[in-house]
Amino acid sequence: MICPIHKPLISLLLLNLCFQASGQYMEWCIADEQTPDEDLERAMEWACGNRADCSKIQLNHPCYLPNTLKDHASYSFNSYYQRFKNKGGSCYFNSAAIITDLDPSHGSCKFEFIP
């Protein structure tokens, strides 16, 4: 007999196994903290100039704050990655970005995820 306290844990384990079996992990592309600012800026400009949706990191938009290069680069990298990952796009950005399975969304700033 399964202890009632363990039922939620077993459910989570089964859900995790289903995701593993289907190959559908949720992942986001964010700026690598070790990347120098000038490299982040160059990569962010490339992403925004190549159809990443960078409108939400503009002043008075949901992802403007915190107003840091790293945060804005993360949003733009993820926007590009989510739009193009199923068409051969990557989260490389000349070594300026990394993949994470932790949702980087915060407050009203929601980082997109496309399966």
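Quantities reported herein were computed from a predicted structural model and do not represent experimental measurements.
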Determine the minimum heavy-atom distance between [X] and [Y], stating which atoms define it.
X	Y	value
His61	Ser55	CG-O, 3.5 Å
Arg83	Arg51	NH1-O, 2.8 Å
Ala31	Leu40	CB-CD2, 3.6 Å

First locate atom [atom1] of [X], then atom [atom2] of [Y], and finally report the distance between them rounded to the nearest 0.5 Å.
X	Y	atom1	atom2	answer
Thr100	Asn78	OG1	CG	10.0 Å
Leu69	Asp37	CG	CG	5.0 Å
Tyr92	Ile98	OH	CD1	14.0 Å
Asp53	Cys48	CG	SG	8.5 Å
His72	Leu65	NE2	CG	7.0 Å

Just by modelled atom types, is the [Y] backbone N or O under 3.5 Å from a matching donor or acceptor in the [X] side chain?
X	Y	value
Ser79	Tyr75	no
Ser76	Ala47	no
Gln82	Glu27	yes

### Task
Could you note down all residue pairs passing disulfide (SG to SG under 2.5 Å) where residues 70-102 supplies at least one of them, sequence neighbours left out?
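Listed once each, the pairs are Cys29-Cys91.
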### Query
Got a sec: does the NZ of Lys70 have more than 12 other heavy atoms crowding it under 6.0 Å?
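It does: Lys70 NZ has more than 12 such atoms within range.
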### Task
Can you establish whether the number of heavy atoms outside Glu38 located under 6.0 Å from its atom CD is more than 12?
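Result for CD/Glu38: enclosed.
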### Message
Between Thr68 and Asp71, do the side chains contain a donor N or O and an acceptor N or O under 3.5 Å apart?
### Response
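There is such a pair between these side chains.
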### Message
Would you say Asn67 and Tyr64 are linked by a side-chain donor-acceptor pair, where the criterion is simply a distance under 3.5 Å?
### Response
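Yes, Asn67 and Tyr64 have a side-chain donor paired with an acceptor closer than 3.5 Å.
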### Task
Say whether Phe93 and Trp28 are linked into one hydrophobic cluster, either directly or through other cluster members, by side-chain heavy-atom distances under 4.5 angstrom.
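Cluster IDs for Phe93 and Trp28 match.
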### Message
According to a hydrophobic-cluster definition based on side-chain heavy atoms being under 4.5 Å apart (Ile, Leu, Val, Met, Phe, Trp, Tyr only), do Phe77 and Ile57 belong together?
### Response
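Yes; tracing contacts between hydrophobic side chains, which count when under 4.5 Å, links both residues.
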Can you list, pair by pair, the side-chain donor-acceptor contacts under 3.5 Å of residues 104-115, counting residues two or more places apart and other chains?
residue : atom : partner : partner atom : Å
Ser105  : OG   : Asp103  : OD1          : 2.7
Ser105  : OG   : Phe111  : N            : 2.7
Lys110  : NZ   : Gly107  : O            : 2.7

### Query
With ring centroids as reference points, do Phe84 and Tyr80 lie under 6.0 angstrom apart?
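That pair passes the under 6.0 Å test.
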